[in-house]
There are 2 protein chains.
Amino acid sequence: MTESLLQRQLESPESAVQRFREYLASRPKPLRFTEAQRQMIHFIFSRHNHFDAEQLCAELDRANLNISRATVYRTLNKLVNAGLLRRVQLGNRVAYEHDYGYPQHEHLVCDQCGRVIEFEAPQLEAVYEGVCRQYGFQPSRHNLVVRGTCGDCLRAHSAKCRLDLILAVPTPAG
Amino acid sequence: MTESLLQRQLESPESAVQRFREYLASRPKPLRFTEAQRQMIHFIFSRHNHFDAEQLCAELDRANLNISRATVYRTLNKLVNAGLLRRVQLGNRVAYEHDYGYPQHEHLVCDQCGRVIEFEAPQLEAVYEGVCRQYGFQPSRHNLVVRGTCGDCLRAHSAKCRLDLILAVPTPAG
DNA sequence: ATTCTTGCAAAGCCTTTGCAACTGC
DNA sequence: GCAGTTGCAAAGGCTTTGCAAGAAT
């Protein structure tokens, strides 16, 4: 479902755990590290790239990790605050993706099949830098989503069109 | 709440109504044009720029236009399908904005006060054109949202910081 | 007359929250 | 043992939907 042009710095589940514990400890009121959190981080950082809360719950269930929906949501929020996950809006759906050790990137989203393609666009900041200066606006992050139809779906569609033509306009011999 | 750099082609409520009727009539099963729809279009195209469904309901109420929430949602969907409104994701909130007769544009969104600044970025397509070609992806539309802090909030914040300093470190004379 | 639209209330979906029991530190 | 975490179930937003009554063509 997800493809990437990016040179991925592989993030081990253990280093993600490590970083999460540092985040928890660094809070004004230190937070606690629990078994449920450890399991979620291991699961997320050894498998997924893009996923939503619903998917994650289902897959955790399938893996026989009994973590309640509430805890999944609470932990996802903490992981976002810790900078381990990034919350992105892909079309209508909210997805989470690895953030820690992963470069800023943008998304192509196929409206037909939901496929997500990531790409880097270093020139993008230049596109909005001018307006920001003009308005004294201090940008903190951006999100570019390009929607459309992926190559596979285009091919499938044109194949279907050819077929429709054949069925609709039988040859004189037919 | 909304500012714009754009040269707005003023769209009269009447021409929006006109175009909506054409859309309704052009459907395989023609749809009907109603008083509630006319009132909503007049309201939207004589006032708002960005708004969400909730705001619109409240303002319609205030204007003594008694249109139910369900009808507001149903009509908004039709207006989007008709190409009169565009649905945009601004941060966490879904907003609607005029589409018909309004150029493609991007958004700066202030995380503090919600202010929205629109700008045009003709160079933006070039940013993703290459990846699309590479993947055989056919782009249909894009959405760039830059979040951060607007000039006013920056000033308010630095003023507050100065104040905090004064309060926290009283002068020897204080 | 037919069929779409409306309003209402109910349900859906996703996410958060109150509370009592539990557990990390 | 204190304070944060969990699970549950309930409640919260926001949006859609089933249905009977009303309106547009």
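Every chain is numbered from 1, with letters handed out A, B, ... down the list of sequences.
What separates CG of A/Leu60 from P of D/dG7 is a distance of 11 Å, to the nearest Å. Put simply, CZ on A/Phe20 is 14 Å from P on C/dG24, counting in whole angstrom units. Spacing between atom CG of B/Leu76 and atom P of C/dT5 amounts to 15 Å, rounded to whole angstrom units. In this structure, A/Glu54 places its CD atom 5 Å from P of C/dC14, rounding to the nearest Å. Atom pair B/Asn92:CG and D/dT15:P shows a separation of 13 Å (rounding to whole Å applied). The nearest whole Å value for the distance from the CG atom in A/Asn66 to the P atom in C/dC22 is 17 Å. Atom OH of A/Tyr73 is separated from atom C1' of D/dG7 by 15 Å (rounded to the nearest Å). Between the P atom of C/dG7 and the CG atom of B/Leu65 lies a distance of 11 Å, rounded to the nearest Å.
Between B/Phe45 and B/His98, the distance separating the two ring centers is shorter than 6.0 angstrom.
One finds no salt bridge joining B/Glu22 and B/Arg27 here, because no Lys/Arg side-chain nitrogen approaches an Asp/Glu carboxylate oxygen to under 4.0 Å.
On a pure distance criterion of 3.5 Å, no polar donor-acceptor pair joins the side chain of A/Arg74 and the base of D/dG4.
For A/Arg69, counting side-chain heavy atoms from C-beta on, the closest listed nucleotide (D/dT25, C/dT15, C/dT23) is C/dT15. For B/Ser68, the side-chain atoms get nearest to C/dC8 when compared with the rest of D/dG7, D/dT15, C/dC8.
Map B/Ile67 and B/Lys29 each onto its nearest nucleotide of DNA chain C; the residue landing nearer the 5' end is B/Lys29. Mapping B/Ala70 and B/Leu24 onto DNA chain C by nearest heavy atom places B/Leu24 closer to the 5' end of the strand. Mapping A/Lys78 and B/Leu31 onto DNA chain D by nearest heavy atom places A/Lys78 closer to the 5' end of the strand.
B/Val116 and B/Leu154 fall into different hydrophobic clusters, where Ile, Leu, Val, Met, Phe, Trp and Tyr are joined by side-chain heavy atoms under 4.5 Å apart, directly or via other members.
Within 4.0 Å of A/Arg21, counting heavy atoms only, lie sugar-phosphate atoms of the nucleic acid but no base atom. Contact annotation for A/Asn77: backbone-only contact, meaning every heavy-atom pair under 4.0 Å involves sugar-phosphate atoms and none involves a base.
One finds a side-chain N or O of A/Thr34 lying less than 4.0 angstrom from the OP1 or OP2 phosphate oxygen of D/dT6. Residue B/Thr71 places at least one side-chain N or O closer than 4.0 Å to OP1 or OP2 of C/dG7.
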> Stepwise, does the side chain to side chain donor-acceptor pair (under 3.5 Å) test hold for A/Tyr102 with A/Glu118?
Replying inline: CA-CA 12 Å; A/Tyr102 206 74; A/Glu118 299 179 346; 2.6 Å; yes
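Expressed to the nearest 0.5 Å, how far NE2 of B/His142 lies from CG of A/Leu144 amounts to 7.0 Å.
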